[in-house]
Number of protein chains: 2
Amino acid sequence: MRRRTEQPGLTLAERKRQLVRDELADAALRLLAKQGFEATTVDELAAAAGVSRRTFFRYFASKEDVVISSVVVVSEGILSEVQARPADEPPAVAIREAVKAVTVEDFAQDREKSVALIRHTQRVPALRARFAERLDLLRDDLALVLARRAGRDTPVPRDQFAAGLGLLAFAGAMQYWADTDGRADPAGVLDVAFEEAGQAFVV
Amino acid sequence: MRRRTEQPGLTLAERKRQLVRDELADAALRLLAKQGFEATTVDELAAAAGVSRRTFFRYFASKEDVVISSVVVVSEGILSEVQARPADEPPAVAIREAVKAVTVEDFAQDREKSVALIRHTQRVPALRARFAERLDLLRDDLALVLARRAGRDTPVPRDQFAAGLGLLAFAGAMQYWADTDGRADPAGVLDVAFEEAGQAFVV
DNA sequence: CCTTGTTTGGCACTCAGTGTCAATGATGGC
DNA sequence: GCCATCATTGACACTGAGTGCCAAACAAGG
């Protein structure tokens, strides 16, 4: 049976697993920057991390997933942040502040890497597609969270649209931020993006 | 050299090509309904249309494309409709009416097939992903059209958000319409969807 | 030390997607 | 009617993603 042996709440095996995952993701980013996404095979990705091809697919479901995995982490962060915010806050504010909380800490960590990642996600068609897919799935989850905040157990259209527009603002802000090479203030960019998004259909 | 031999503006070769395309798409829809998307191989798709596997890929770039191709047609329709509308019309109205013009005629044509197509596009993960991808690409194009309508030659964030929100409304309306088995009035559904979308960030 | 459960690598396989080439079949000029 | 030309097709071979399966290596606890 699994046994807790460490304080951080993770077993040794789990931390080892995370180590391999990180190594795989890092190696992927490196190779990607050097030779491009489609020109890099899974074999190379696995070899660069000192692991077999078969093992690669035990950590990531697809080649795109190595890159997109960090987006998944951010997604989950956004979801729980929104959940944690006061229920009487308007959806736009809740989403904006949730995104702010997650990304500001995350992007400042390693700006170069974040910028590179966003760039690839925009420019490589396969990655852009996967990103769109992830945002689409996240929209559903986010709509559900918004519904629950409002006391509903199933989302109404407005929940869907609020979630969707919030994520449009999020993606737009990320893109703009990457376009400034990460020099702009993330929080400020997000404020502007959400402000603009709110005006999208206003005459 | 290519010669025009018919009035409709299409050469014989082009119409033959369209015929094969349609046959392929029809066969795909049939097989899809019977055995599901992932359980159907390209070999089967090609065989069902009486064509070789290699030829299939000369008509569609991927397995998903057979299904998504009709979305591409609608996309192009929406783009040119928006372009054709008066430039002083607010973006929300222009997009709404453009979508209305394209879908109402298109969906009424073959309601059963349209509903089935939307359902598959929602339920099959691979198709849903491709749909999200297409909407994402369409958003860029639509933003550019909106920008040009307003006298800009490159989109500002608000163009992006207006395009994005409009497509959210479009997708939401399609989904709702399919959920009513195509019994609801498409134009009415679209009006409601765009109205709701406009309220997404309103307190 | 032994047992039990997990991780790993190797192998084989299916299937999507692409390049190449030779055969076929229109189409247009003569 | 005949020939040169260009597009379409099918066959073959190949790469690369993703999966199932099994046996070896490796922890961990009793």
Side-chain angles (χ1 to χ4, degrees), chain A residues 1-6 10-25 27-28 31-32 35-69 124-127 129-130 133, chain B residues 1-25 27-28 31-32 35-69 124-130 133:
Chain A
M1 277 299 116
R2 281 274 175 83
R3 290 275 72 216
R4 294 267 148 110
T5 55
E6 291 288 336
L10 277 78
T11 75
L12 177 73
E14 280 168 335
R15 278 179 300 136
K16 266 173 59 181
R17 207 177 156 74
Q18 191 58 44
L19 216 71
V20 178
R21 234 185 121 83
D22 290 347
E23 178 57 33
L24 237 11
L31 278 183
L32 220 114
Q35 26 176 281
F37 182 77
E38 20 258 345
T40 309
T41 70
V42 174
D43 280 280
E44 295 175 288
L45 256 34
V51 123
S52 85
R53 165 196 165 68
R54 191 64 187 85
T55 294
F56 174 93
F57 283 112
R58 289 201 178 91
Y59 284 86
F60 297 99
S62 72
K63 198 172 95 169
E64 289 92 340
D65 261 36
V66 200
V67 185
I68 295 299
S69 62
V124 180
L127 295 178
R130 291 285 182 151
E133 179 187 6
Chain B
M1 281 293 117
R2 279 276 175 82
R3 289 275 71 216
R4 292 270 150 107
T5 56
E6 291 290 331
Q7 289 77 27
L10 278 77
T11 75
L12 178 71
E14 280 167 335
R15 278 179 300 135
K16 265 172 63 181
R17 205 175 158 75
Q18 192 57 45
L19 215 72
V20 177
R21 234 185 122 82
D22 290 347
E23 179 57 33
L24 236 12
L31 277 183
L32 220 114
Q35 27 178 285
F37 180 77
E38 22 257 346
T40 308
T41 70
V42 174
D43 280 281
E44 295 176 288
L45 256 34
V51 125
S52 86
R53 165 195 164 67
R54 192 62 187 84
T55 293
F56 174 93
F57 282 111
R58 289 201 179 92
Y59 284 86
F60 297 99
S62 73
K63 199 172 94 170
E64 289 93 341
D65 260 36
V66 199
V67 184
I68 296 300
S69 63
V124 180
L127 294 178
R128 187 175 162 168
R130 291 285 183 150
E133 180 188 4

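Quick caveat, the model's predicted, so the values are computed rather than measured. All chains are named by letter (A, B, ...) in the order of the sequence lines, taking the proteins before the strands, and each is independently numbered beginning at 1.
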Exercise. How many angstroms lie between CG in B/Leu32 and NZ in B/Lys63, if you round to the nearest 0.5 Å?
Worked result: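 Rounded to the nearest 0.5 Å, the CG-NZ separation comes out at 8.5 Å.
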Problem set entry | Approximate separation, where rounding is to 0.5 Å, of B/Glu38 CD and B/Thr40 OG1 |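 One finds 9.0 Å between CD of B/Glu38 and OG1 of B/Thr40.
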Rounded to whole Å, how long is the line connecting atom [atom1] of [X] with atom [atom2] of [N]?
X	N	atom1	atom2	answer
B/Leu19	D/dT8	CG	P	15 Å
A/Phe57	C/dT8	CZ	P	15 Å
B/Glu38	D/dG18	CD	P	14 Å
A/Arg15	D/dA28	CZ	P	10 Å
B/Leu31	C/dC15	CG	C1'	16 Å
B/Phe37	C/dA16	CZ	C1'	11 Å
A/Asp65	D/dT19	CG	P	10 Å
A/Leu127	D/dA17	CG	P	13 Å

Exercise. Under 4.0 angstrom, heavy atoms only, what part of the nucleic acid is A/Phe56 near: base, sugar-phosphate, or nothing?
Worked result: nothing
Exercise. Is there a side-chain contact between A/Thr55 and A/Arg58, using heavy atoms and a 4.5 Å cut-off?
Worked result: yes
Exercise. Relative to the 5' end of DNA chain D, which residue comes earlier, B/Arg53 or A/Glu64, by the nucleotide with the nearest heavy atom?
Worked result: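 The answer here is B/Arg53.
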For this session: Please name the pair of heavy atoms, one in B/Ala46 and one in B/Phe56, separated by the smallest distance, quoted to 0.1 Å.
Result: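 Answer, listing the atom of B/Ala46 first, then B/Phe56: CB-CB, 4.2 Å.
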Exercise. Can you name the nearest heavy-atom pair linking B/Ala126 to B/Phe37, along with the distance?
Worked result: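 It is CB-CE2, 4.0 Å.
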Which nucleotide sits closest to the side chain of [X]: [options]?
X	options	result
A/Arg17	D/dT9, C/dT8, D/dG16	C/dT8
B/Lys16	C/dA16, C/dA26, D/dG10	C/dA26
B/Ser62	D/dT9, D/dG18, C/dG17	C/dG17

Problem set entry | 5' priority, DNA chain C, between B/Arg58 and B/Lys63 [closest heavy atom] |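 The answer here is B/Lys63.
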Exercise. Is any side-chain nitrogen or oxygen of B/Tyr59 closer than 4.0 Å to OP1 or OP2 of D/dT8?
Worked result: no
Exercise. Does the side chain of A/Ser52 get closer than 4.0 angstrom to OP1 or OP2 of C/dT8 through an N or O atom?
Worked result: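 No, A/Ser52 has no side-chain N/O under 4.0 Å of OP1/OP2 on C/dT8.
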Problem set entry | Side-chain-base donor-acceptor pair under 3.5 Å for A/Arg54 and D/dG18 | no
